[in-house]
Amino acid sequence: MASHGVSRTAAATERSEEARRKELQQIAAYKDLTDLVNAKISERQYTLEVLGLSTKLLNENPEYYTIWNHRRRILGALLSPQLSDTAPHKDPNELVQDDLQLTFTLLRKFPKCYWIWNHRDWLLRTAESVPGASNARTLWAGELQLIGKMLHADSRNFHAWSYRRFVVAQIERLAPPTTEASSQSLVESEFEYTTKMIKTNLSNFSAWHSRSKILPRLLKERTATAASRRALLASELSLICSAINTDPFDQSIWYYHQYLMSTISPACPAHNRLVLDLSNGERQEHYEHEMEYIREILDDETDCKWIYEALLYLASAYLEVEGGTQAFSTRDMRGWLDQLKRLDPLRKGRWEDLGSTLNV
Amino acid sequence: MPAEMRLFVDKHVRYIQSLDTREDELEYWLTEHLRLSGLYWGLTALHLLRHPHALPRQEILEFVISCLHENGGFGAAPGHDAHMLYTVSAVQILATLDAFDELEERLPGVRQKIGHYMANLQDPQTGTFLGDEWGEHDTRFLYGALNALSLMGFLHLVNVDKAVDYIQSCANFDGGYGTGPGAESHSGQVFTCVGALTIAGRLDLVNQEKLGAWLSERQLKNGGLNGRPEKKEDVCYSWWVMSSLAMLKKLHWIDGEKLTAFILKCQDPELGGLADRPGDMVDVFHTVFGIAGLSLLQYPGLAEVDPV
Ligand SMILES: [Zn+2]
């Protein structure tokens, strides 16, 4: 009912009589299985047998959310300590491991299916309070490996990135209370993880985004001084500037540059700032320095619209805090705007609005 | 009108009518968990195509009622568990059919029940909404709840200010929003958050210049729109991106003609329906969002769509 990337010609071939018969058989078998599972659940048969039937069904159709709910009903009963001794049962640890394996196999095939991610999340939260299941922190820590594999297969999978942030929070929550705050936190290793992902692929906006969320916390936990905050900002700027130089046509990179610039704006809310006590003079220096650097790239790349957009952004930020000499003229700004209109006619309306906002 | 700019209205109507006659295809059964939403998408497409009566009203109503649970929530189909997503679809269908009074007559007290089912899924701590009793949360559910509750006149049942605070915690430096706090901006989530803020009357909280710029960059050279930076175009984003731009009054920040041409290329000219990309297999989801995009682009002959 919502398909992506399936070619029409491949799907439209006329079904032979044989294929039709086969499909009708498949339908009958599928409906029998769903009827069976639903009937047994309505009789509250929360047993290993029905758990097995739901595994079979979910392998055929992992989007069938009601069956995931049924599975949680069954597991809830099987993991409960009040289970009667007569019913066949399994070690809680084994039950949890089975479901981790099931969801892992399914996620490899259906990495964007919300219900599978959900179930895994429910499973681990539940396992925390199940007597006899593995140590909760060990279970959560194992998740980082799964996510590593998922992000290796698709480095932009936003389910995997969200789940990563969630898992990190759980591991931090479960750290032994006696350890120091700094050793409970994973912020340093998560920061390194984004560095690694960016180095593999500069165009991975998900990694840049994640970095933008980590930086303020990183500085806070390092109890960074004013000087070390400035040093970090400088090193991030030099990282992104060399990325811009490598591929000025990549918008992911420009977004991160915009992010860094937004943190030095006087309008930036305090909790998002990297440097807490930036003076207007320092802001002006930053803007001038960035403009100078980007104008140098312009010598080789005259047809890259991102350059002109960045220059106009920096110019207007500069004008907001400007106290002294102007590093550019209104004529420069008009020229950059004309280039944007020339290079990027799709967004003509936006460039016209920008012209009237900037009054050039 | 040049041939390549034609919308095959009759074929799309017939395609949507055919959707419920495919019981001999395995796919029909494998997508049962989406049935009620599928019905809403089909019905909306027919309204936009100005063929609102092409599906039988009474049968739709009976089907919707057959998905209702005792607790006031709706499942995707009879026998499927209640969930926010399908409750929202049910309310949207009932609103489209103007059938709330009829429903109330048949099942006295049901409106209150439906309203309370959704209101009870608000998390009092964070202000966001859960999908169901199992605890998944996502800004999609928050938007769905506010939308459906406002359609029923029940917004007062929830803490709107708290929901607004939660949306703000999902905002990113690029002006966009993700599935939750910390998550990367995504066009679908931008739509749900901007939509929810529009319903709450708090568009003033949106960084409109930045978000408008980010949304306009979703348009690619081929005219289509993508969902995030450096991703491929897809017809469904015509709706998420365009409706958000419409709420920000910046529809003119992209090239409407090129987008129109792209959407029209995604039609199946033989059997009707629209696909995610030209030449791909059609489905009702991309059909409705493609047509809704065309309506925002003021394609001639279509009914006007409300961006929220
Ligand atoms: Zn799509």
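The figures here come from the full heavy-atom set of this structure, side chains too, leaving out hydrogens, waters and symmetry mates. Sequence lines set the chain letters: A, B, ... in the order given, protein chains first and strands last, and positions in each chain run from 1.
The main-chain N or O of B/K250 is never found under 3.5 Å from a side-chain atom of A/R350 such that the two would form a donor-acceptor pair. B/E230 places no side-chain N or O within donor-acceptor distance of the main-chain N or O of A/N204, the cut-off being under 3.5 Å.
Within the 4.5 angstrom heavy-atom criterion, only side-chain atoms of B/K210, from C-beta onward, approach chain A. Of the atoms belonging to B/R22, not a single heavy atom falls under 4.5 Å from chain A. When heavy atoms are compared at a cutoff of 4.5 Å, B/D174 approaches chain A solely by way of its side chain, counted from C-beta outward. Proximity to chain A (any heavy atom under 4.5 Å) is restricted, for B/L220, to the backbone atoms N, CA, C and O. For B/E25, the parts sitting under 4.5 Å from any heavy atom of chain A are the backbone and the side chain alike. Interface remark: B/N172 contributes backbone and side-chain atoms alike to the contact with chain A (heavy atom separation under 4.5 Å). Of the two parts of B/F289, neither the backbone nor the side chain holds a non-hydrogen atom closer than 4.5 Å to a non-hydrogen atom of chain A. B/S216 touches chain A through backbone and side chain together, each having a heavy atom under 4.5 Å away. Looking at B/E23, the atoms closer than 4.5 Å to chain A (heavy atoms on both sides) all sit in the backbone: N, CA, C or O.
Counting non-hydrogen atoms of neighbouring residues, nucleotides and ligands closer than 6.0 angstrom, the NE2 atom of B/H69 exceeds 12 such neighbours. Surrounding CD of A/Q26 are more than 12 heavy atoms belonging to other residues, nucleotides or ligands, all under 6.0 Å away.
Looking at B/D268 and A/R8, a side-chain N of the basic residue comes within less than 4.0 Å of a carboxylate O on the acidic one, giving a salt bridge. Between B/E184 and A/R156 a salt bridge is recorded (basic side-chain N to carboxylate O distance below 4.0 Å).
Contacts with chain A were tallied for B/V282, B/D280, B/L259, B/D276; B/D280 has the most, counting heavy-atom pairs under 4.5 Å. The residue among A/K31, A/R125, A/K348 with the most heavy atom pairs within less than 4.5 Å of chain B is A/K31. Note on A/W122, A/W161, A/Y65, A/W351: by heavy-atom pairs under 4.5 Å with chain B, the leading option is A/Y65. The residue among A/N38, A/D250, A/L24 with the most heavy atom pairs within less than 4.5 Å of chain B is A/D250.
Ring centroid separation for the pair A/W68 and B/H33 does not come in under the 6.0 Å cut-off.
Exactly one residue among A/N69, A/D121, A/N118 makes a side chain to side chain contact (heavy atoms under 4.5 Å, CB included) with B/W134. That residue is A/N69.
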